[in-house]
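Order of the sequence lines sets the chain letters (A, B, ...), proteins ahead of strands, with each chain counted from 1.
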Number of protein chains: 2
Amino acid sequence: MPYHSGMTTSAAERDLRGAAVRVTKQRVAVLDAVRRHPHADADTIIADVRGELGRVSTQAVYDVLHALDEMGLVRRVAPAGSPARYDPRVGDNHHHLVCRRCGRMVDVDCATGAAPCLEPVAAQGFSVTEAEVIFWGYCPDCQSKGPAPAG
Amino acid sequence: MPYHSGMTTSAAERDLRGAAVRVTKQRVAVLDAVRRHPHADADTIIADVRGELGRVSTQAVYDVLHALDEMGLVRRVAPAGSPARYDPRVGDNHHHLVCRRCGRMVDVDCATGAAPCLEPVAAQGFSVTEAEVIFWGYCPDCQSKGPAPAG
DNA sequence: GCATAAAATGGAATTGTTCCAGTTAACGAA
DNA sequence: TTCGTTAACTGGAACAATTCCATTTTATGC
Ligand SMILES: [Mn+2]
Ligand SMILES: [Mn+2]
Ligand SMILES: [Zn+2]
Ligand SMILES: [Zn+2]
């Protein structure tokens, strides 16, 4: 049975068709999950997708996340000390603010807009395509609590 | 036999004593290795230290690297998709240029000097302590070769 | 409806790192 | 200089996140 057997066409599904790739229920569910949980890690996405579809392999979710990243529908962000996060906001070149205590990640707009938004002082012969900026600090909730990592 | 049994006092040893921690041959060797191989990963450091001392446990090297990081004698840098690198250049807040193909990492001076060297456009209540900037691109050697990852 | 290639599955394997319980050794005190 | 304390090291197992692989399923074009 092909995926599209009658139900309404979702935004995720339209975006996948727009990318000219096969539309599977796993892909639709993963893309929806990323959009529902911005900056979530793979475990969160897997749990959400299983809640939606029932049995789905871990590998399928990883494959889909990679595919979506490559087709530009999600953006993989990997802050130090954390599993990769998946960001539904694509097409601009915004940056991130990450809490050292709880790991919360929020968007920070880029002042310049286009990548790379910064020029290295001396590029040493490198051709630079991107400036990845992560601001580290403490989120509002964690400023009151001690600086210990989240349990 | 205590570590310091007659040989000349190295810079690494002096720096460790300055940090008021026990001076062990493993710590001296790891700090020397990081200084000899800037931005090397743990495997490289482990190999170098074993060449220097003979049998040393993997765990000891990881422990030492953490300790050195905490005491501010080395800086741990973790670019996406690569094991952590260890940087002997500390005390300033420089940034890095990383090659997408071969992983080479070189220093980029920070224009402003002090951390955080950038202000997020809107901090959303976060207290920001650091702006980590990684410039991604292709190193001089890799610009000629194809964009495939190093094998 | 059928063929085909792309995608999903299940399970094992890898990588980088950490945990743990027991042993060793650095160093301050005697 | 020896001794006791405790930090540091060892070996080995465990772990988390991710990837590899062979097989099966399924979306899509004809
Ligand atoms: Mn984002
Ligand atoms: Mn550096
Ligand atoms: Zn927080
Ligand atoms: Zn390169």
- Task: Just do the side chain to side chain contact (heavy atoms under 4.5 Å, CB included) check on B:Asp87 and B:Arg76 with the steps written out, would you?
- Result: CA-CA 6 Å; B:Asp87 193 340; B:Arg76 186 181 212 264; over 6 Å; no

Rounded distance (Å) that lies between atom [atom2] of [N] and atom [atom1] of [X]:
| X | N | atom1 | atom2 | value |
| --- | --- | --- | --- | --- |
| A:Leu65 | C:dA8 | CG | C1' | 14 Å |
| B:Leu16 | C:dC27 | CG | P | 10 Å |
| B:Glu70 | D:dA7 | CD | P | 14 Å |
| B:Leu53 | D:dA8 | CG | P | 17 Å |
| A:Lys25 | C:dA7 | NZ | C1' | 11 Å |
| A:Asp69 | D:dT19 | CG | P | 11 Å |

If you look at every strand shown and take non-hydrogen atoms under 4.0 Å, does [X] touch a base, only sugar-phosphate, or nothing?
| X | value |
| --- | --- |
| B:Arg85 | nothing |
| A:Asp43 | sugar-phosphate |
| A:Ala84 | sugar-phosphate |

For [N], does OP1 or OP2 lie under 4.0 Å from any side-chain N or O of [X]?
| X | N | answer |
| --- | --- | --- |
| A:Gln26 | C:dT9 | yes |
| B:Arg76 | C:dT17 | yes |
| A:Tyr62 | D:dT19 | no |
| B:Arg17 | C:dC27 | yes |
| B:Arg22 | C:dA25 | no |
| B:His66 | C:dT18 | yes |
| A:Thr58 | C:dG10 | no |

If you check every side-chain atom of [X], which of [options] has the closest atom?
| X | options | value |
| --- | --- | --- |
| A:Ala60 | D:dA17, C:dA8, C:dT17 | C:dA8 |
| B:Asp63 | C:dA8, D:dT10, C:dG16 | D:dT10 |
| B:Arg55 | D:dA8, C:dG16, D:dG11 | D:dG11 |
| A:Gln59 | D:dC20, C:dG16, D:dT28 | D:dC20 |

- Taking the side chain as every heavy atom from C-beta outward, state whether A:Phe135 and A:Val98 have any pair of such atoms under 4.5 Å apart. no

- Query: Toward the 5' end of DNA chain C, which comes first, B:Val21 or B:Ser82, by nearest nucleotide?
  - Reply: B:Ser82

- Item | Donor-acceptor pair, side chain of B:Gln143 and main chain of A:Gly125, under 3.5 angstrom | yes

- Item | Note: A:Asp141-A:Arg104 ion pair, threshold 4.0 Å (strictly below) | yes

- Query: Can a salt bridge be assigned to the pair A:Arg27 and A:Asp15 using a cut-off of 4.0 Å between side-chain N and carboxylate O?
  - Reply: no

- Query: With ring centroids as reference points, do B:His94 and B:His96 lie under 6.0 angstrom apart?
  - Reply: yes

